[in-house]
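Taking it in order: structure first as structure tokens, then the write-up.
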Amino acid sequence: MFERLRGTRDFLPNEMAARKKVFSSIKKTVEEFGFFETDTPAIELFELYSIKSGEEIIEELYAFEDKGGRMISLRPELTPSVVRVLVSRAKELSFPVKWYSIPRLWRYERPQSGRLREFYQLNIDIFGSDDPRADTEVISCAIKLLCDLGFDESDIEVRISDRRMLQEFLLNIGIEKYHDVLKIIDKREKVSQKDFKEMLLGLKISEPQIKEIDAFLNSKGNFLESIENLSSSHKEEGISQVIESLRRIAQDLNDRGFEKFITFDPSIVRGLDYYTGMVFEVHDRKREFRALFGGGRYDNLAELFGGEHIPAVGFGMGDAVLELMMRRKNIWPEEKVEIDLFIATIGNVEKEVSKILTSLRNSGYKVDFDIMNRNLSNQIKFANKLGAKSLLIVGERDLKEGNITLRDLKTGNEAKITLEEFVSSPSKYLTKVL
RNA sequence: GCCGGGGUGGGGUAGCAUGGUUAUCCUAUGGGACUGUGGAUCCCAUGACUCGGGUUCAAAUCUCGGCCCCGGCCCCA
């Protein structure tokens, strides 16, 4: 016997049915926002990931050498692949490009709650526009798809910040090594006040500077209000430009009715080296789980890949945390398979059954029948386990008079009708699943 | 890589402190009975102590190690 590889999952039909419902809800919402689905290979050249990543990230790749001596990696994220496609096809594409995908990704990490080695991740991106409305579209889409799955503002919180704003702010108070400071700011929620301060002191940040940083980070709250407060207290040129574009995003999100979901939180940083502007995260309000989404602006990745300048904004949402959150709220779909009709047989009625099967299947019904030579009782048991909505009993005796029995397995009602009548207008008797 | 908690039929479990008959119960699965109305009930069957070493007359039980699972740290693209 073999076992599943660590951090991977098997999906049995009932589990698959639930997952399909969730994914199709997501796809529907995203497509309502005008995104088109794409896909890319699961394997890519190792360099696609090593070019911009640190050692730790590379250690977490599923990588191997192929027979041609190339180093190959399973994709750990989608963005490099999408940007690769974009850069190589930029000439033929008309911008803005709005693409989405739900790829399977692989990361060689230690599995934990909400983190696996193989998982799905919804990715949506807008390329070609640096307008704040692109940011708004992406954030709105994130919120809307969660709403369509059954969440509301009491469940989730979108926290937004902007890397440029932080950078400008730090420059204004005389801090130049903002890289290191960002790293510490990113950890702020996890460490104590005291440790936070000591880490900053370790970088030779002065006490007054730390006070300023603290004040700035504490400016979190209602998105639009926080931004307006900041704009009156920060008139410096660099920062006020950033604030203006954030103000437009905030205003637009309010106009779309998403105000209650959003918090402005300057301590949001996200992983380094990737994002260039607005960044956001989505969490459950109780902070029971790890981040559900992460995303933001990454305007220079295309150039880094040897293309022209293509501004970009997008996010990724893993399926593992989503499932945990949906289960917690009891909105994970019922794990159940269903068919429209099961045909139970008594005696030798093969010819008639074949005709019924073919006719109904051609009309688009999901139909199954006994191929185990079970007795009637066991056939009915099996039909129920299959989740059949209706049961058709075709028996030798009744068939001599042209009759069959149709039972609704949900209500238990049954009726004897003629085979001819049933086959000629099945829609009178059956409804389709889904 | 580090730290903690765990592994008993396909799934869920009892037993483990205090070693000692045929390892408990539920469920699932296969078969059968109930004259072709049955989702029920009853009967029968299949099926497990994570692996290896140690202690012992005797190990599911005590002990050491490996493997695996769950959670946490690191990291999180």
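Chain identifiers are assigned alphabetically (A, B, ...) following the order of the sequence lines, protein sequences preceding nucleic acid strands; residue numbering begins at 1 within each chain.
Checking A:Gly7 against A:Arg107, the closest nucleotide of RNA chain B that is more toward the 5' end is the one next to A:Gly7. Comparing A:Leu61 and A:Glu288 along RNA chain B, the residue whose closest nucleotide (by nearest heavy atom) sits nearer the 5' end is A:Glu288.
Annotation: B:G11 and B:C3 have their P atoms spaced 30 Å apart (nearest Å). B:U35 and B:C70 have their P atoms separated by 50 Å, with the value rounded to a whole Å. The separation of B:A17 from B:C62, taken at their C1' atoms, amounts to 11 Å, rounded to a whole angstrom. When the P atom is compared between B:A14 and B:C76, the two are found 40 Å apart, to the nearest whole Å. One C1' atom belongs to B:U56, the other to B:U63, and the distance between them is 12 Å to the nearest Å. Separation of the P atoms belonging to B:U50 and B:U61 is 8 Å when rounded to the nearest angstrom. B:G54 and B:G10 are spaced 33 Å apart, taking the C1' atom of each and rounding to whole Å. Taking the P atoms as reference points, B:G36 lies 35 Å from B:C25, given to the whole Å.
With rounding to whole Å, A:Lys183 atom NZ is found 14 Å from B:A77 atom C1'. One can place CD of A:Gln379 at 15 Å from P of B:A40, the figure rounded to the nearest angstrom. Here B:G39 presents its P atom at 9 Å from CG of A:Asn384, a figure rounded to the nearest Å. For the pair A:Phe382 CZ and B:U29 C1', the computed distance is 12 Å after rounding to whole Å. Rounding to whole angstrom units, CG of residue A:Leu304 and C1' of B:A77 are separated by 13 Å. Rounded to whole Å, atom P of B:A28 lies 16 Å from atom CG of A:Leu12. Counting to the nearest Å, the P atom of B:C75 and the CD atom of A:Glu109 are 12 Å from each other. Whole-Å rounding puts the A:Glu59 CD to B:C76 P distance at 13 Å.
Counting heavy atoms from C-beta on, the side chains of A:Phe342 and A:Leu392 never come closer than 4.5 Å. Counting only heavy atoms from C-beta outward, the side chains of A:Met317 and A:Leu145 approach each other to under 4.5 Å.
Taking 4.0 angstrom as the limit, A:Gln112 places a side-chain polar atom (N or O) nearer than this to OP1 or OP2 of B:G72. Side-chain N/O atoms of A:Lys187 include one lying less than 4.0 angstrom from OP1 or OP2 on B:C75.
Ion pairing between a basic and an acidic side chain is recognised when a charged N comes within 4.0 Å of a carboxylate O; A:Glu137 and A:Arg133 show no such pairing. Ion pairing between a basic and an acidic side chain is recognised when a charged N comes within 4.0 Å of a carboxylate O; A:Asp214 and A:Arg188 show such pairing. Remark: A:Asp155 engages A:Lys329 in a salt bridge, criterion side-chain N to carboxylate O under 4.0 Å. With respect to the salt-bridge test (charged N to carboxylate O, under 4.0 angstrom), the residues A:Glu323 and A:Arg327 qualify. A salt bridge is absent between A:Glu65 and A:Arg70: the closest approach of a Lys/Arg side-chain nitrogen to an acidic carboxylate oxygen does not fall below 4.0 angstrom.
Across all strands, A:Arg374 comes closer than 4.0 Å only to sugar-phosphate atoms, never to a base (heavy-atom distances). No engagement by A:Lys410 is indicated, since no non-hydrogen atom pair under 4.0 Å with the nucleic acid exists.
When each of A:Thr276, A:Asp162, A:Asp135 is paired with A:Arg297, the side-chain hydrogen bond (donor to acceptor under 3.5 Å, both in side chains) condition holds for A:Asp135 and for no other.
Sorted by first and then second residue, the ring-ring contact (aromatic ring centres under 6.0 Å, His included) pairs involving residues 391-424 of chain A (not counting sequence neighbours) are A:Phe422-A:Tyr429.
In this structure A:Gln379 satisfies the side chain to side chain donor-acceptor pair (under 3.5 Å) test with no other residue, sequence neighbours excluded.
What you find for A:Val87 and A:Gly306 is that their closest heavy atoms are CG1-C, 4.3 Å. In terms of heavy-atom proximity, A:Pro76 sits nearest to A:Leu61 at CG-CD2, 3.3 Å.
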- Message: Pairs counted only when both distances fall under 3.5 Å, Watson-Crick or G-U: show me the 5' to 3' dot-bracket for RNA chain B, [ ] for pseudoknotted crossings and | for other-strand partners.
- Response: (((((((..(((.......[....))).(((((.......)))))....(((((..]....))))))))))))....
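Between the base of B:C76 and the side chain of A:Arg110 there is no donor-acceptor pair shorter than 3.5 Å.
Ring planes of A:Trp99 and A:Phe127: perpendicular class, angle over 60° (limits at 30 and 60°).
Distance check, rounded to the nearest 0.5 Å: CG of A:Asp152 to CG of A:Leu146 gives 10.5 Å.
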Pairwise N/O distances under 3.5 Å, protein to nucleotides 43-47 of chain B:
none

Quick test: give all pairs of protein nitrogen or oxygen and nucleotides 66-68 of chain B nitrogen or oxygen below 3.5 Å, distance rounded to 0.1 Å.
none

Every protein N/O within reach of nucleotides 32-37 of chain B N/O, cut-off under 3.5 Å:
residue	atom	partner	partner atom	Å
B:G36	O6	A:Arg397	N	2.5
B:G36	O6	A:Asp398	N	3.4
B:G36	N2	A:Asp398	OD2	3.4
B:U37	O2	A:Arg407	NH2	3.3
B:U37	O2	A:Glu414	OE1	2.8
B:U37	O2	A:Glu414	OE2	3.0
B:U37	N3	A:Glu414	OE2	3.2

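The side chain of A:Glu60 lies closest to B:A77, out of B:C70, B:C2, B:A77.
When atom types are taken as modelled, the side chain of A:Asn384 and the backbone of A:Ile380 share a donor-acceptor pair closer than 3.5 angstrom.
You'll find the ring centres of A:Phe33 and A:Tyr100 outside the 6.0 Å limit.
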